[in-house]
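Everything numeric in this text was worked out from a predicted model, so none of it was measured. Quick note: numbers below take in every heavy atom, side chains included, and nothing from hydrogens, waters or symmetry partners.
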Amino acid sequence: MPFAPALRSEWLKIRTLRSLLGSLTAVLLATAAFSALAATDSGGADFDPLYSTFFGVNFGQIAAIAFGTTAMSAEFRGGALRLSLAAVPDRTRWFAAKAAAVAAPALAVGLLTGLAGLAVGRAVLGSDGPGWGEGLRAAVGCAVYLTLMALLAAGLTAVLRSGVATLSILIPFLLIVSFVVGDLSGGVADLLPDRAGQIALHRTWDGTLGPWTGLAVTALWTSAALAAGAWSVRRRDA
């Protein structure tokens, strides 16, 4: 099967699974809700209005990871992967179609989420809110970051072949390990996938990475996970 029909087939799977649509909806709702709460606390000398506007991404990324994980783990239940590979025998092509089917809606919802977060932040903060220039840059960064995290989860799920195992690794890492390592290791923590990618959501930042170089670091982590996932799909029995 050529790539385009394979992509349409994978997109149809995503569109018809309620859990996946629910995860995408949760990305938008969680980010907007927690960003609005963060924006109400505008005190302190180190207050960053841009990061407060997009603070909810810390919670929205959990839903993005759940989306990528669920989309991929569905293939490893009930022999679904064997059926998929019967239709698309080229395993590399199938995996590329699956990754693209995950990336496209994640990017679209991520961009909508970034714009919604920016609108909410500007409404709550008023004159203290971020300008449109830096706000739109952060909104695009938000979309790219959420997409990369969804793909990172999808790649890791293809390696582990278990959604539970993937979520058991990634969610504690994001909520606990990343903060602990960040507090102890200084600049080395900037190379972690979540911390590097979220530099794009800050008005000012310390360290050598900038908004786009930080996203590039996250992209490297994601590329490694996808490469490992593609290798696993090619080499292991369906």
Side-chain angles (χ1 to χ4, degrees), residues 6-7 9-31 34 56-85 91 94-110 112-113 142-178 192-198 215 218-234 236 238:
L7 177 59
S9 175
E10 294 305 321
W11 165 239
L12 182 62
K13 294 178 186 177
I14 289 176
R15 192 179 65 185
T16 53
L17 283 176
R18 292 183 180 179
S19 59
L20 296 179
L21 297 179
S23 296
L24 290 173
T25 302
V27 172
L28 173 61
L29 296 180
T31 301
F34 284 99
V57 170
N58 288 289
F59 301 90
Q61 68 179 343
I62 303 300
I65 287 171
F67 168 70
T69 299
T70 305
M72 185 62 71
S73 65
E75 298 291 340
F76 301 104
R77 295 196 299 267
L81 181 59
R82 289 193 293 272
L83 294 176
S84 296
L85 295 179
R91 296 189 177 203
W94 172 81
F95 188 81
K98 172 66 77 172
V102 170
L107 182 61
V109 171
L112 179 61
T113 297
C142 170
V144 174
Y145 173 72
L146 290 172
T147 303
L148 290 173
M149 295 306 286
L151 288 173
L152 175 67
L156 184 58
T157 302
V159 175
L160 299 176
R161 297 196 167 199
S162 169
V164 173
T166 301
L167 294 176
S168 297
I169 292 172
L170 287 181
I171 292 180
F173 175 81
L174 293 174
L175 297 180
I176 301 173
V177 177
S178 182
L192 296 175
D194 58 322
R195 285 181 168 254
Q198 289 190 27
L215 286 170
T218 304
L220 288 175
W221 282 91
T222 298
S223 298
L226 289 174
W231 181 88
S232 178
V233 167
R234 287 197 307 267
R236 297 168 66 182

Minimum heavy-atom distance G229-A158, with the two atoms named: CA-CB, 3.7 Å
Partner residues of A100 under the side-chain contact (heavy atoms from CB on, under 4.5 Å) criterion, sequence neighbours left out: F3, L7
Between CG on residue L170 and CG on residue L175, distance to nearest 0.5 Å: 10.5 Å
Minimal non-hydrogen separation, G163 against S73, with atom names: N-CB, 3.7 Å
Listed once per pair and sorted, the side-chain hydrogen bond (donor to acceptor under 3.5 Å, both in side chains) pairs that draw on residues 162-173, sequence neighbours left out: T157-T166
Spacing of CD belonging to Q198 relative to CG belonging to L192, to within rounding of 0.5 Å: 11.0 Å
Exercise: identify the closest heavy-atom pair between T147 and A103: CG2-O, 3.7 Å
Short side-chain to backbone donor-acceptor contact, R236 and V159, under 3.5 Å: yes
Approximate separation, where rounding is to 0.5 Å, of I65 CD1 and L151 CG: 11.5 Å
For A154 against M72, the heavy-atom pair lying closest together: O-CG, 3.4 Å
Heavy-atom pair with the smallest gap, counting every atom of T218 and P193: OG1-O, 2.7 Å
F34/N58 under side-chain contact (heavy atoms from CB on, under 4.5 Å): CA gap, chis, key distance, verdict: CA-CA 9 Å; F34 284 99; N58 288 289; over 6 Å; no
Salt bridge (Lys or Arg N to Asp or Glu O under 4.0 Å) partners of residues 65-79, not counting sequence neighbours, each pair once: K13-E75, E75-K98
Point-to-point distance, once rounded to the nearest 0.5 Å, from CZ of R161 to CG of L156: 13.5 Å
Between CD1 on residue I14 and OG1 on residue T70, distance to nearest 0.5 Å: 10.5 Å
Spacing of CG belonging to L146 relative to CD1 belonging to I62, to within rounding of 0.5 Å: 10.5 Å
Test item: L81 and W94 side chains (from C-beta on) under 4.5 Å apart, heavy atoms: yes
Closest heavy-atom pair and its distance - A106, F67: CB-CE2, 4.2 Å
S23 side chain to S19 backbone, donor-acceptor under 3.5 Å: yes
